[in-house]
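Here the structure is laid out as structure tokens; the discussion comes afterwards.
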Amino acid sequence: MIDLRSLREDPDRLRASQRARGEDDSVVDTLLDLDGRRRSALSAFETLRAEQKTVGKSVSRAQGEERAELLARAKDLAAQVKSAEAEAEKLGRELDSALEGVSNLVEEDAPLGGEDDYVVLAEVGEKPSFDFTPRDHLELGELLGAIDVERGAKVSGARFFFMRGAGARLQLGLLNMAMQQAIEAGFIPMITPVLVKPEAMRGTGFHIAHDKEIYRLPEDDLYLVGTSEVPLAAYHGNEILDGATLPLRYAGWSSCFRREAGSYGKDTRGIIRVHQFDKVEMFSYCRPEEAREEHQRLLDWEKEMLAKIEIPYRVIDVATGDLGTSAARKFDCEGWIPSQGRYRELTSTSNCTDFQARRLAIRSRDKDGKPQAVATLNGTLATTRWIVAILENHQQADGSVVVPKALRPYVGLDVLEPVKS
RNA sequence: GGUGGAGUCGCCUAGUGGCCGAGGGCGCACGCCUCGAAAGCGUGUGAAGGGCAACCUUCCGUGGGUUCAAAUCCCACCUCCACCGCCA
């Protein structure tokens, strides 16, 4: 949620941000208008309410005729208060819903433009060259008895799969390695709920009503999370955090659920784009003035993980038009996928500044002891999708796959061998 | 799922319609006392919003309702605890 006070002071900043995102900037005028009307309605209500309280008290002290008179006046006031309050509340609701539709202010130096206007910040590692025709991850996964999409479809439908044997071991090992790295860096490990209330979803910046990605359980008014960012953000909702504990960092392990509506025909093969996968996510609460440095730290931890699986990747600075609702800035790390001859997203780290914290009422005390919304940031440490990159980049001619050194202790295997030929 | 009990300012608690714009204790902060500390004494001590100064309004689990007036009465819901039933 945008801060109304700073909006009043500098409306042009939001206008510019809206334009950078390719979103409507006239919402600024709507907000200013609603805000002004709400404030005057509120002050009208408050004046009436104060009078009503005074009169009400004198009723209890008065006797006889005077009492009857006061009572009549109080009755009249009560009606006025009721309608003044209703008016202020109505405007408040209109303001809130207008506000909920507004995305976070973008960081000034984020690249302008849409999906294709990202800026490549770095390319790391060398792309493998094979003296045989490389297999894609699904072919490898089937050869190794590691991935079973056919039975996934049989049991649950398209975009579902089973991780089995070496595949299951690889995923458990990978995510354990991510958890271990996070713990060593001082993160608090968490296994989170995957079903959350609507306010957790909304507070994190997802639009429950429109978002086609979200699985819903209407009977219980619960929502399956697409990332543990949601429960980790909502975890400290309505709390005032002790400033001395910041930055407060959590590493959440959860399954993630995405409907992938509208992606028909895209990435239909294998496990690149699926309805359910597992992820270890970093989540950080910090002081707003430290958010940009923290963002770099999260990116560094992602790079550290990527280095451990020894695959080539690049880092991109995502353009303003391609940022999520809550993100002010976003860096993605994309791993090289030999079978596709291109990079695919493996991690994503967003600085959400105080946008989520304001929605979720997560604060800490500033220098003067006044509560102030904290900044929240998130970043990927590992996901099921990483297995695609690992299998493809480390494959050998016979279909076996060399397990990256760092991962071996976690997987318990040096090489994954085909179970059939 | 059923029955019963409970939810008050960080914690404990007082409070059964106007004296509650919430009292007390603990904790915390500051001051006095002290060589220093403890004890003792005194003062202060929530959040949100509006003027942005005095001050005003809202918040006693949440949402409705009754009333001139609700922490207090009524209804629904949520959470927690206990017991029962069912169940991985």
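To find a chain, count down the sequence lines: A is the first, B the second, and so on, and within it residues start at 1. Since the model is a prediction, treat every value here as computed from it, not as a measurement.
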field: Listed nucleotide nearest any side-chain atom of A:Arg365, set B:G46, B:G50, B:C68
entry: B:G46

field: Donor + acceptor pair across side chains of A:Asp76, A:Gln80 (<3.5 Å)
entry: yes

message: Given 3.5 Å as the limit, does a donor-acceptor pair link the side chain of A:Arg21 with the main chain of A:Gly321, or not?
response: no

field: Sidechain-backbone polar pair: A:His137 side chain, A:Leu391 backbone, donor-acceptor under 3.5 Å
entry: no

field: Interatomic distance at P, B:C28 relative to B:A39, whole Å
entry: 9 Å

Pairing partner (Watson-Crick or G-U wobble, both distances under 3.5 angstrom) of B:C32: B:G40

message: Taking pairing as Watson-Crick or G-U wobble with both contacts under 3.5 Å, can you name the mate of B:A69, or confirm there isn't one?
response: none

query: If we only count heavy atoms from C-beta on, is the A:Leu217 to A:Leu224 side-chain gap below 4.5 Å?
result: yes

field: Residue whose closest nucleotide on RNA chain B lies nearer the 5' end, A:Leu42 versus A:Thr47
entry: A:Leu42

message: Quick test of your reading of the model: are A:Asp109 and A:Arg292 salt-bridged, counting only N-O distances below 4.0 Å?
response: yes

- prompt: Watson-Crick or G-U wobble partner for B:U57, using a 3.5 Å limit on both distances?
  reply: B:A48

field: Stepwise side-chain hydrogen bond (donor to acceptor under 3.5 Å, both in side chains) test for A:Arg344 and A:Gln340
entry: CA-CA 9 Å; A:Arg344 300 302 306 263; A:Gln340 300 191 352; 3.0 Å; yes

message: Is there a side-chain contact between A:Arg38 and the phosphate of B:G50, meaning an N or O under 4.0 Å from OP1 or OP2?
response: no

Euclidean distance for C1', B:C78 against B:G27 (whole angstrom): 30 Å

query: Quick one: does A:Leu31's side chain get under 4.5 Å of A:Asp35's, heavy atoms only?
result: no

message: For a quick test of reading the model: is some side-chain N or O of A:Arg49 closer than 4.0 Å to OP1 or OP2 of B:U58?
response: yes

Qualifying ring-ring contact (aromatic ring centres under 6.0 Å, His included) pairs with a residue from residues 289-309 of chain A, counting only residues at least two apart or across chains: A:Phe187-A:Trp301, A:His295-A:Phe331

- prompt: Distance check: side-chain N/O of A:Arg5 vs OP1/OP2 of B:C52, anything under 4.0 Å?
  reply: no

task: Report the distance from atom NZ of A:Lys370 to atom P of B:A48, rounded to the nearest whole Å.
output: 8 Å

field: Phosphate-side-chain proximity, A:Gln52 and B:A69, N/O vs OP1/OP2 below 4.0 Å
entry: yes

Residue matched to B:G21 through Watson-Crick or wobble contacts both under 3.5 angstrom: none

message: Applying a 4.0 Å non-hydrogen cut-off, can you work out what A:Leu71 is touching in the nucleic acid: base, sugar-phosphate, or nothing?
response: base

field: Separation of atom CG in A:Asn238 from atom P in B:A47, rounded to whole Å
entry: 14 Å

- line: Taking a pair to mean Watson-Crick or G-U wobble geometry with both distances below 3.5 Å, B:A6 pairs with B:U79

- prompt: What string of B, S and - do you get for nucleotides 74-81 of chain B 5' to 3' if you count protein non-hydrogen atoms under 4.0 Å?
  reply: --------

task: Looking only at side-chain atoms of A:Lys53, point me to the closest of B:U66, B:C56, B:U58.
output: B:U58

message: Without decimals, in angstroms, what is the distance between A:Glu89 CD and B:G64 C1'?
response: 12 Å

message: Need the pair for B:U16. Rule: Watson-Crick or G-U wobble, both distances under 3.5 Å, any strand; none if unpaired.
response: none

field: Value in whole Å for how far the P atom of B:C68 lies from NZ of A:Lys82
entry: 10 Å

Same-atom distance (P) from B:A29 to B:G46, integer angstrom: 15 Å

query: Base, sugar-phosphate, or nothing for A:Arg8, non-hydrogen atoms under 4.0 angstrom?
result: sugar-phosphate

- request: State which of B:A48, B:C68, B:G51 makes the closest approach to the side chain of A:Arg39.
  value: B:G51

message: Taking any heavy-atom pair under 4.0 Å as a contact, classify A:Arg363: base, sugar-phosphate, or nothing.
response: sugar-phosphate

task: Provide the distance between the two P atoms, one in B:G21 and one in B:U57, to the nearest whole Å.
output: 10 Å

query: Would you say the side chains of A:Asn351 and A:Glu107 form a donor-acceptor pair under 3.5 Å?
result: yes

Rounded distance (Å) that lies between atom C1' of B:U57 and atom CZ of A:Phe45: 7 Å

query: Quick one: A:Gln372 CD to B:G49 P, roughly how many Å, whole number?
result: 13 Å

- prompt: For atom C1', what is the distance between B:U13 and B:G7, given to the nearest Å?
  reply: 13 Å

- line: Pairing partner of B:C86, by Watson-Crick or G-U wobble and under 3.5 Å for both distances, is none

message: Please compare A:Lys75 and A:Pro371 by the position of their nearest nucleotide in RNA chain B and report the one closer to 5'.
response: A:Pro371

- line: From CG of A:Leu91 across to C1' of B:G50 the rounded distance in Å is 15 Å

Distance, P atom - from B:C55 to B:U72, rounded to whole angstrom: 28 Å

- prompt: Taking CD from A:Glu46 and P from B:C55, how many angstroms apart are they, rounded to a whole number?
  reply: 16 Å

task: Rounded to whole angstrom, note down the P distance from B:A71 over to B:G65.
output: 15 Å

Considering only distance and modelled atom types, tabulate donor-acceptor pairs under 3.5 Å from the side chains of residues 227-255 of chain A, sequence neighbours left out.
residue  : atom : partner  : partner atom : Å
A:Thr227 : OG1  : A:Glu229 : N            : 3.0
A:Thr227 : OG1  : A:Lys279 : NZ           : 2.8
A:Glu229 : OE2  : A:Gln356 : NE2          : 2.8
A:Glu229 : OE2  : A:Asn378 : ND2          : 3.3
A:His236 : ND1  : A:Glu239 : OE1          : 2.7
A:His236 : NE2  : A:Tyr250 : OH           : 2.6
A:Asp242 : OD1  : A:Ala244 : N            : 3.0
A:Thr245 : OG1  : A:Asp242 : O            : 2.7
A:Arg249 : NE   : A:Glu294 : OE2          : 2.6
A:Arg249 : NH2  : A:Glu294 : OE1          : 2.9
A:Arg249 : NH2  : A:Glu294 : OE2          : 3.4
A:Trp253 : NE1  : A:Asp278 : OD2          : 3.3
A:Ser255 : OG   : A:Asp278 : OD1          : 3.0

Euclidean distance for C1', B:C60 against B:G23 (whole angstrom): 13 Å

